[in-house]
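First comes the structure, then the notes that go with it.
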Amino acid sequence: MGVRAERVAETRTRILTAARDLLAEGAWHNSSLDAIAVRAGVSRATVYRVFGDRHAVVEALTWRELSSAQLDRVDAAHAIANPTQALHEVLRANCRMFEQLGDGLPLAIELARRDPDVAAIVNATYHGRRHAAMERLATRLVKAGHAR
């Protein structure tokens, strides 16, 4: 990565971190791009240049938070052939995921309640995948005689 690309990535990270901090403080809904820019130590024009608008900041933040969940570990646990062992590993992987996400998941879910685009991201990366996989695992457990 070149120097310019590194600076752009660093600026993007600072902006997303500022937005996350505002969310964690409960100040997001009353904040402007100016507040995000000040918190990130950049100009409002920089926020516009990097993201375009406040909504794009929210979407990028949601993707960043949920991508840290390492859902591939949960998926791998669901793929274990023995359904009982799969259940144990799914629970372990989910606990690790929740630990990794910290308050990121509750923040994303709170945003999803107010924003249909964020809701779609949460459904695609977390809720939808997780619920469908748990239904499949429950069916496997029933077929194996381990549940009713």
Side-chain angles (χ1 to χ4, degrees), residues 1-81 83-141:
M1 186 183 296
V3 174
R4 185 176 186 292
E6 286 177 18
R7 280 194 218 137
V8 169
E10 179 184 304
T11 298
R12 180 181 173 82
T13 297
R14 285 198 338 253
I15 294 167
L16 291 176
T17 299
R20 188 184 194 291
D21 291 347
L22 287 167
L23 269 167
E25 294 165 11
W28 173 258
H29 301 294
N30 298 322
S31 66
S32 64
L33 279 183
D34 287 328
I36 297 167
V38 167
R39 178 83 56 117
V42 300
S43 69
R44 182 179 181 178
T46 299
V47 177
Y48 274 114
R49 187 175 61 248
V50 173
F51 290 100
D53 60 20
R54 188 172 180 266
H55 187 77
V57 173
V58 170
E59 286 188 26
L61 179 60
T62 303
W63 278 114
R64 185 182 84 168
E65 292 298 313
L66 292 177
S67 69
S68 73
Q70 301 174 345
L71 288 169
D72 56 328
R73 289 183 182 178
V74 178
D75 293 341
H78 277 284
I80 295 171
T84 305
Q85 184 182 0
L87 176 62
H88 290 285
E89 291 305 316
V90 164
L91 293 173
R92 259 191 214 103
N94 272 282
C95 288
R96 283 188 213 115
M97 177 188 71
F98 290 128
E99 180 182 22
Q100 177 72 30
L101 282 172
D103 64 351
L105 181 60
L107 291 174
I109 290 172
E110 172 62 27
L111 281 173
R113 288 187 186 124
R114 300 171 189 237
D115 186 319
D117 292 329
V118 172
I121 295 167
V122 170
N123 192 50
T125 58
Y126 173 69
H127 278 302
R129 281 175 63 181
R130 189 165 161 255
H131 288 175
M134 289 304 287
E135 286 176 7
R136 287 190 303 273
L137 181 55
T139 299
R140 290 173 53 205
L141 287 163

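Bear in mind the structure is a predicted one, so any value in this text is a computation, not a measurement.
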Legend entry - Closest non-hydrogen atom pair, Ala19 against Ile36: N-CG2, 4.5 Å

Inset, instruction - Of all the heavy-atom pairs spanning Leu137 and Ala86, show the shortest one and how long it is. - result: CD1-CB, 3.9 Å

Inset, instruction - Might you point out which heavy atoms bring Val90 and Ala77 nearest each other, and give the distance in Å? - result: N-CB, 3.6 Å

Inset, instruction - Nearest 0.5 Å please: distance from the CG atom of Leu23 over to the OG atom of Ser31. - result: 7.5 Å

Legend entry - Residue pair His131, Glu135: steps toward the side chain to side chain donor-acceptor pair (under 3.5 Å) verdict: CA-CA 6 Å; His131 288 175; Glu135 286 176 7; over 6 Å; no

Legend entry - Salt-bridge present (Glu99, Arg96; N to O < 4.0 Å): no

Legend entry - Check: Asn123 side chain, Ala119 main-chain N or O, donor-acceptor pair, under 3.5 Å: no

Inset, instruction - Give the minimum heavy-atom separation between Asp115 and Asp117, together with the two atoms involved. - result: OD1-N, 2.8 Å

Inset, instruction - Answer whether the closest heavy-atom distance between the side chains of Arg140 and Leu87 falls below 4.5 Å. - result: no

Legend entry - Asn94 to Val74 - nearest heavy-atom pair and separation: ND2-CG1, 3.9 Å

Legend entry - Heavy-atom pair of closest approach, residues Phe51 and Ala56: O-CB, 3.0 Å

Legend entry - Spacing of Arg136 atom CZ and Thr139 atom OG1 [to the nearest 0.5 Å]: 9.5 Å

Legend entry - Distance (rounded to the nearest 0.5 Å) between Arg39 CZ and Leu22 CG: 4.5 Å

Legend entry - Side-chain donor/acceptor of Arg73 to backbone N/O of Arg92, under 3.5 Å: no

Legend entry - Check: Arg44 side chain, Asp34 main-chain N or O, donor-acceptor pair, under 3.5 Å: no

Legend entry - Atom pair CD1 (Ile15) and CD (Glu10), whose distance is rounded to the nearest 0.5 Å: 11.0 Å

Inset, instruction - Give, for atom CZ of Arg20 and atom CG of Leu16, the distance between the pair rounded to the nearest 0.5 Å. - result: 11.0 Å

Inset, instruction - To the nearest 0.5 Å, tell me how far His78 NE2 sits from Glu89 CD. - result: 11.5 Å

Legend entry - Arg54 CZ: over 12 foreign heavy atoms closer than 6.0 Å: yes

